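Remember, it's a predicted structure, so these values are computed and weren't measured experimentally.
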Amino acid sequence: MTAIVLYEVLHCLVAVCAAVWLFFRAVHGAERSALYVLAGAAACLFLGDVYWLAHLIIRGEPPTIFSACDVAYIGFLLMFNAALPRVEPRHSLRRPFTLCMAAFALFNAAAWMVWTGVWFNNLLWGIPMLVLALHSAMLADQRLSSARCGVFFASLVLLVICEASVLAGGVRSVAGPLCTVLWVLALGQLAFLLKGTGSLKRLPVPAWALLMFFCECASFLAQGAVYYGFQVVTMTCFVCAAMSAVREGEARHAV
């Protein structure tokens, strides 16, 4: 329990530092509206973490779903989505990559319902996750390599089959670690696909949002150290998205 509390304290510190930094850059920098919204998203994340941490310390266990921290975390997803640039969905929704990510988001929502046996609360989580996945996929789905898309789609199919076997009552001692490996491989394939010929450090905000969504889905279907590992990567993706938002705003302001 001590290690979990320490992790939550660090998570709170990262969230509040991100909120303060984004707010400061919004006040003194360019592209203020997007940075203000991202600062609000980080503040929601911090409030959810504080409630979670307080519950751990006082009661010795995480809060039950649905609680105040879930409201804050859903607010974080919605505000992060609002910070992304607008996109015309008419043509983007017909692209294979966007359709694939939408189907994957729906699969995860259904998997959460089957795993926990709770449909309403997971539906409340699934809707903002689907919206964020669709929006970021439509923005990221530009000049993606067809070959890399094919490899990524194949890894997703294997991942879905493995997770479905676990949910259907398969041998978790075997399928569980295999699912973890497939999640990591699929995450690597997604990052490789989104970066194209450029550098991973130069990924735009929508790409980081999509990677964050993917890691969040991975953590929701995991337990123990694997859950916390994917949560660390999720937070890292958000911090990278914030840095990209600041960098992109400065670049547009300089032109």
Would you name the heavy atoms of [X] and [Y] that are closest together and state the gap between them?
| X | Y | value |
| --- | --- | --- |
| Ala241 | Val205 | O-CG2, 3.5 Å |
| Ala140 | Pro206 | N-CB, 4.4 Å |
| Ser244 | Pro204 | CB-C, 4.4 Å |
| Cys100 | Leu156 | SG-CD1, 3.5 Å |
| Leu132 | Asn81 | CA-OD1, 3.8 Å |
| Ala43 | Ala19 | N-CB, 3.8 Å |

Do [X] and [Y] belong together in a cluster built from hydrophobic side chains that touch within less than 4.5 Å?
| X | Y | answer |
| --- | --- | --- |
| Val157 | Phe214 | no |
| Val9 | Val16 | no |
| Leu190 | Val160 | yes |
| Val184 | Leu221 | yes |
| Tyr227 | Leu77 | yes |

From [atom1] ([X]) to [atom2] ([Y]), nearest 0.5 Å:
| X | Y | atom1 | atom2 | result |
| --- | --- | --- | --- | --- |
| Leu78 | Ile74 | CG | CD1 | 7.5 Å |
| Ile57 | Ile4 | CD1 | CD1 | 12.5 Å |
| Phe104 | Phe107 | CZ | CZ | 7.0 Å |
| Glu248 | Arg202 | CD | CZ | 9.0 Å |
| Tyr228 | Gln223 | OH | CD | 11.0 Å |
| Leu194 | Leu211 | CG | CG | 5.5 Å |

Are [X] and [Y] side-chain neighbours, meaning at least one heavy-atom pair lies under 4.5 Å?
| X | Y | value |
| --- | --- | --- |
| Met113 | Asn121 | no |
| Cys12 | Val50 | yes |
| Tyr51 | Phe46 | no |
| Leu45 | Met235 | yes |
| Cys179 | Cys162 | yes |
| Ser155 | Leu159 | no |
| Glu163 | Trp183 | yes |
| Asn108 | Met129 | no |

**Asked** Taking the six-membered ring for Trp, are Phe220 and Trp125 parallel (under 30°), tilted (30 to 60°) or perpendicular (over 60°)?
**Response**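 Ring orientation, 0 to 90° scale: perpendicular.
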
**Item:** Parallel, tilted or perpendicular: ring planes of Tyr73 versus Trp52, cut at 30 and 60 degrees
**Value:**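 Tilted.
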
**Flag for Thr98-Arg95: side-chain donor and acceptor within less than 3.5 Å** =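 No donor-acceptor contact under 3.5 Å links the two side chains.
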
**Item:** No-hydrogen, no-angle side-chain donor-acceptor test under 3.5 Å, Gln231 and Ser219
**Value:**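 Looking only at side-chain atoms, Ser219 and Gln231 do form a donor-acceptor pair, the distance falling under 3.5 Å.
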
**Message:** For Phe152 together with Phe192, are the ring centres under 6.0 Å from each other?
**Reply:**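 They do not qualify: ring centres at least 6.0 Å apart.
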
**Asked** Just by modelled atom types, is the Leu203 backbone N or O under 3.5 Å from a matching donor or acceptor in the Trp208 side chain?
**Response**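 Such a contact is found between Trp208 side chain and Leu203 backbone.
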
**Message:** For the backbone of Cys69 and the side chain of His55, can you confirm whether one donor and one acceptor N or O come within less than 3.5 Å of each other?
**Reply:**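 A pair under 3.5 Å: no.
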
**Request:** For side chain to side chain contact (heavy atoms under 4.5 Å, CB included), just list the numbers for Leu134 and Met101, CA-CA rounded to whole Å, side-chain angles, deciding distance to a tenth of an Å, and then say yes or no.
**Result:** CA-CA 7 Å; Leu134 267 176; Met101 296 311 299; over 6 Å; no

**Message:** Using side chain to side chain contact (heavy atoms under 4.5 Å, CB included), reason through Leu210 and Phe97 one step at a time and then give a plain yes or no.
**Reply:** CA-CA 12 Å; Leu210 200 57; Phe97 179 75; 3.4 Å; yes

**Worked check of side chain to side chain contact (heavy atoms under 4.5 Å, CB included) between Met243 and Phe238** = CA-CA 9 Å; Met243 295 173 64; Phe238 175 69; over 6 Å; no

**Request:** Output, in order, the C-alpha distance, side-chain angles, deciding distance and verdict of side chain to side chain contact (heavy atoms under 4.5 Å, CB included) for Leu187 and Cys215.
**Result:** CA-CA 8 Å; Leu187 176 62; Cys215 292; 3.7 Å; yes

**Whether over 12 other heavy atoms sit under 6.0 Å from Tyr7 OH** =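 More than 12 heavy atoms, drawn from other residues, nucleotides or ligands, come within 6.0 Å of this atom.
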
